[in-house]
Amino acid sequence: MQEVSFSYLDELNDIQRQAVSCLEGPVMVIAGPGSGKTRVLTYRVAHLINNGVAPWNILTLTFTNKAAKEMKSRIEKVVGSSANKVWAGTFHSIFARILRVEAHRIGYPNDFTIYDTDDSKSVIKEIIKSMNLDPKVYNNNAIRSRISSAKSNLITPKNYVKNEELMNYDKMNRRPMTHVIYEKYVNKCLRAGAMDFDDLLLQMFRLLYQNPDNVKQKYQSQFRYLLVDEFQDTNYLQYEIIKQLVFYEGSDKNVCIVGDDAQSIYSFRGATIENILQFERDFPSVNTFKLEQNYRSTSYIVNAANEVINYNKKQIEKKIWTERLEGQKIKLIRTMTDNEEGKRVADTIIEQKNRYNLQNKEIAILYRTNAQSRVFEEHLRRFNIAYRIYGGLSFYQRKEIKDLLAYLRLTANPKDNEAFKRVINYPKRGIGNTTVSKLLQIGEEHEMSLMEVVMSVDIQARAKTKILGFVKLIQSLRQKAEQSNAYDVAVYAARKSGIIDLLKSDTSVEGQGRLENLNALLDSIKEFVENDELEAGEEATDKSLSQFLQTITLMTDQDNEEEGNDNVTLMSTHAAKGLEFKSVFVVGLEENLFPSFMALSNPNQIEEERRLFYVALTRAEEHLTLSYANSRYQFGQMRFNDPSRFLEEISEDNIDNISIMKSSGPGKSSSGRSGFGEPKLLGNFKRLAPTKTNLALQMDPKDFKVSPASSIKEGMNVLHLKFGKGVVKSVDNRNVATIYFSGVRDTPEKRIMLQYAKLQIIEDDA
DNA sequence: GGGGGCTATGGGGGG
DNA sequence: CATAGCCCCC
C-alpha cells in the first residue's frame, strides 16, 4: 500500500475541511467571495484521487477555460501529473469533446462545425429575409435570444408552438412567426452540420436522453464523481444534463456543486437560482457546507459589500465575515465628465503605485460595459502605464482571422454554409451577390448546402468558371487535410486562397497589422499541433482541423493570457468574476449605466445588477475606489445621469465620502493652460485628492455652445467636447475640416465632417 | 459586379 | 459613435 500524504488538509479551516472530506453522495458548498472556493474544489479532487478514485472517473465542469486550467494546475500541485487525466473543462468544451465522438449517433457529423454568435445571427437574418418578414419587426437579436432561451429550457420548435405563453408573448411583440424561424433555424443548422453554443448543451442532452446504443450508461459509469463550479450560473438545460449523468436508479449520486447565489449574474443567458433550490429537493440527502469566512478583503470592503447585498430580498441566508484588518475606507471619485473620470482614475493609479508600491498587475479597472474602456486606455497610455483589455472584440473575431478560419471550417465541414458565404468571394474572385443569392435559392429548394449546390447542380451563371475554380480550391484543401496536420493545412490555405498576397499588397499600417494577426493565428495553430503531440497520453491525440477549430471557437481572449506581464487589467465586471486584485476601481457608477438602463424597469433585474455590483466590490483585497461622472458620451451624445443608487447603499462608515473631485473642464491640455486645477503628475511628487479650494476652471457641458458649421474656417481655434482644443488646418469643398487637437496623443490630426461635428469657436486667448 | 459615400439604426453581460 | 445597408456610379 502506498504512502499517501493528506497534509493539504491542514491548510483548510474546519468547514472547508469538512467539504473536502465528504466524498460520497451529493454535496452542496455555498461559498462567499474570497472564501477559498477554488481551494476546496481542487483539494476535493486531489482527495478523491488520493483515496483511490481514478482521475478519469472525475468530471469537473466550470464556466471558463481559465477556471478549468487553474483547477488542473492546482490539482497537479497536490497529486502530480495524473491531474492531467481528470476531465476538467467548461460545459461547452467537455460536451463538444464528447460530441466529437458521438455526434453521428444523433444525426450530426462528428466533424460538426460550431457556429458562433455571428454565424447564428447570419442564419437568422437569412431566414427572415427569405420569409419576406420585416427585419425591423423581426429584430435579429430578439429572435436569436428567443431561440436561445427556448433551447436552454428544452423547448423544441414543436413544443414552442404548443406553449401559449411563448406564442402570446411573440404575438404581443408582433412577431408571431418566431416559431417558424426557430424551426427553420434548427433545420438549417442541422443541414449545415453545425451546432451553435446552445446546441453543444442541447445535443449533449439529446444524446443522453435518447440514449442510442446505451451511450448514456457509458458516460454515467465513466464520470463517477461530478463537480460543478459556479452552479448558480447554470441554466435549466445544464442542470438537466447533470441530472442525466448522476440522477438515476442505483447511482451513488456523487455530485458536488459549488456556488454563491449572491454572485449569480448570468440570468440573461438563462441561468436560474432556482437550480440551487431544486438541487436540495432533487437530492434530499445533500450535505451542505457554507463557507462564510472571507480571506480576501479588508473589513471595510467586506462590510460595504454586505451592506449592499442586503438590499436584495432573494438570497440564501449567510453572513460573510473577515478576520482581516479594517484597511482603508472605500474612496469615491466624482467628476463632471467621463473623460475626467478616466483622468482621475489614471491619476489615482499613479498615486497608489507610488504610495503603496503596487505593481500594475495588482490593479484592475472594472466597468459595466466594454464600451467604457476607451477613456481609461487613453489616460493610461498618456501616463505610460501598461494595461491589458479583456473582452470586447476578441482576436478570433477579427475579420482577417475569421476569413482564414472560414476556409478551414469549410475544409473540415463542406456543409458549413456560413463559412462558404464568407469566403466564396474573398479574396475577390468575381462571384458577387447576385450569384450567391441564386445559389442560396437553389440550396433552399433542394435542401442542399451551398457546397453541394455548386458541386452537383448545373449552374446557369456567368460566374460559372469562377465558381468551379473555388470548388477546386476547397477540394485541394480537403486533400491536403487528409495528409497533413492542421498547421500545414492552414498555411496552405492562406497561400492558395490568395489571402496572404492580398494582405501583403496592403501596405497601410492597418494592413500590416492584419498580416501580423494572420501570422499570429498561424503560429497559434502550430503551437496547437505541437502541444498536442507532447500531451500524447491515453486519450487518442487529435490534431485534426475540426479539433483545432473547436478549441478556438470556444476560447476567449482571457484564455490566452500571458503570465508575468505587468499590466493593469481593464475588464467588464462580468469577466472579473473569480478574480482578485489588490486595488480595484469600479467605474461608471451611474443610473442607466450601472445599473444598466435595460434593467431599470424590472426589480429582478435590479437585483441582478446589485449582485453584479457585489461581485465588483468583492474583487478588491485592499484598495477599492468607486467613481462616477455627471455626464458622459453615451449613444453618440452627451448624457447626464444621476449617481448610481448602489452608492447610497454603502454607509459612511465604510466609504470615504469626502474626497470630492471636480472637473477641470472638458479640455484636457496637459500644458496646464486649461488644467491647472489638476494634480501634477510628473516626477515623484504625487497627491491623491486635490482639495476643494484647488478648483480652477470649471466647464459645464451645458455651457458648451455649438457653433454653426458654416462659420468654421481655416485657422480658427475650436473646442470639441471629446478632443478638447484644436486648430482648424483646412476645410475642403465637401465641408470636411482637418483639425489639429493638441490634447490628443496618438492621432492629434482629425478629419471631421462639419455638418455632424459639435464644435465651438473659441477666442485666441482662451 | 465592385466600390465609395451617405443614411439609418442600434446601443449589455458571454460560452 | 460604430456599423450595416443602401444608392449611385463606374
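Note on naming: letters A, B, ... go to the chains in the order of the sequence lines (proteins, then strands), and numbering restarts at 1 for each one. Note that these values count all heavy atoms, side chains included, but never hydrogens, waters or copies made by symmetry.
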**Message:** Just the rounded figure in Å: distance from C1' of B/dG15 to CG of A/D199.
**Reply:** 13 Å
**Request:** Kindly confirm whether the side-chain ring of A/F268 is stacked on the base of B/dG13, judged by centres under 5.5 Å and planes under 30°.
**Result:** yes
**Prompt:** Which nucleotide sits closest to the side chain of A/K428: B/dG14, B/dG2, B/dG11?
**Reply:** B/dG2
**Asked** So, the side chain of A/N173 versus the backbone of A/R175: is there a donor-acceptor pair under 3.5 Å, distance only?
**Response** no
**Message:** What is the separation between atom CD on A/E378 and atom C1' on C/dC1, rounded to the nearest whole Å?
**Reply:** 13 Å
**Request:** Could you tell me whether a side-chain N or O of A/R206 sits under 3.5 Å from a main-chain N or O of A/L201, the two making a donor and an acceptor?
**Result:** no
**Heavy-atom donor-acceptor pair, A/R269 side-chain to B/dG13 base, under 3.5 Å** = no
**Request:** Could you check which of B/dG14, B/dG15, B/dG2 has an atom nearest any side-chain atom of A/N425?
**Result:** B/dG2
Identify each atom pair where a protein N or O and an N or O of nucleotides 5-8 of chain C are less than 3.5 Å apart, giving names and distance.
from, atom 1, to, atom 2, distance (Å)
C/dG5, OP1, A/K125, NZ, 2.9

**Asked** What is the nucleic acid contact for A/R144, judged by heavy atoms within less than 4.0 Å: base, sugar-phosphate only, or nothing?
**Response** base
**Message:** From CD of A/Q637 over to P of B/dA8, roughly how many Å is that when rounded to an integer?
**Reply:** 17 Å
**Asked** What stems, by residue range, does DNA chain B take part in, given at least 3 consecutive Watson-Crick or G-U pairs under 3.5 Å?
**Response** B:1-10 with C:1-10
**Request:** Report which part of the nucleic acid A/Q238 touches: base, sugar-phosphate, or nothing (heavy-atom distance under 4.0 Å, all strands).
**Result:** nothing
**Request:** Please work out if A/F91 contacts a base, only the sugar-phosphate, or nothing of the nucleic acid, heavy-atom cut-off 4.0 Å.
**Result:** nothing
**Prompt:** Hey, does A/T369 reach any base, or is it just sugar-phosphate, or nothing, if we go heavy atoms under 4.0 Å?
**Reply:** sugar-phosphate
**Asked** When you check the gap from the basic side-chain N to the acidic O, do A/E230 and A/K37 get nearer than 4.0 Å?
**Response** yes
**Item:** Residues A/D260, A/K577: salt bridge by 4.0 Å N-O rule
**Value:** no
**Asked** Taking the six-membered ring for Trp, are A/F420 and A/F470 ring centroids under 6.0 Å apart?
**Response** yes
**Fill in**
Picking from B/dG1, B/dG11, B/dT9, the nucleotide nearest the side-chain atoms of A/K136 would be B/dT9
**Asked** Does a nitrogen or oxygen in the side chain of A/S572 sit under 4.0 Å from OP1 or OP2 of B/dG14?
**Response** yes
**Message:** From CG of A/L612 over to C1' of B/dG14, roughly how many Å is that when rounded to an integer?
**Reply:** 13 Å
**Request:** Pick base, sugar-phosphate or nothing for A/F597, based on heavy-atom distances below 4.0 Å to the nucleic acid.
**Result:** nothing
**Message:** Could you check whether A/E378 pairs with A/K343 (Lys NZ or Arg NE/NH1/NH2 to Asp/Glu carboxylate O, under 4.0 Å)?
**Reply:** no
**Message:** With a 3.5 Å distance limit and no angle check, can you tell me whether A/N153 reaches the backbone of A/I155 through a side-chain donor-acceptor pair?
**Reply:** no
**Request:** Ignoring backbone atoms, establish whether A/N235 has a side-chain N or O less than 4.0 Å from OP1 or OP2 of B/dG15.
**Result:** no
**Request:** Establish, for the pair A/R610 and A/F613, whether the NZ or CZ atom is under 6.0 angstrom from the six-membered ring centre and no further than 45 degrees off its axis.
**Result:** no
**Request:** Could you tell me whether the side chain of A/N141 has a donor or acceptor atom within less than 3.5 Å of a complementary atom in the base of B/dG10?
**Result:** no
**Prompt:** Do A/F231 and A/Y239 have ring centroids that are under 6.0 Å from one another?
**Reply:** yes
**Prompt:** For A/S93, which contact category applies under a 4.0 Å heavy-atom criterion: base, sugar-phosphate, or nothing?
**Reply:** nothing
**Request:** Answer yes or no: does a side-chain N or O of A/N370 lie under 4.0 Å from OP1 or OP2 of B/dG13?
**Result:** yes
**Message:** Can you tell whether the side chains of A/K314 and A/E607 come within less than 4.0 Å, N to carboxylate O?
**Reply:** no
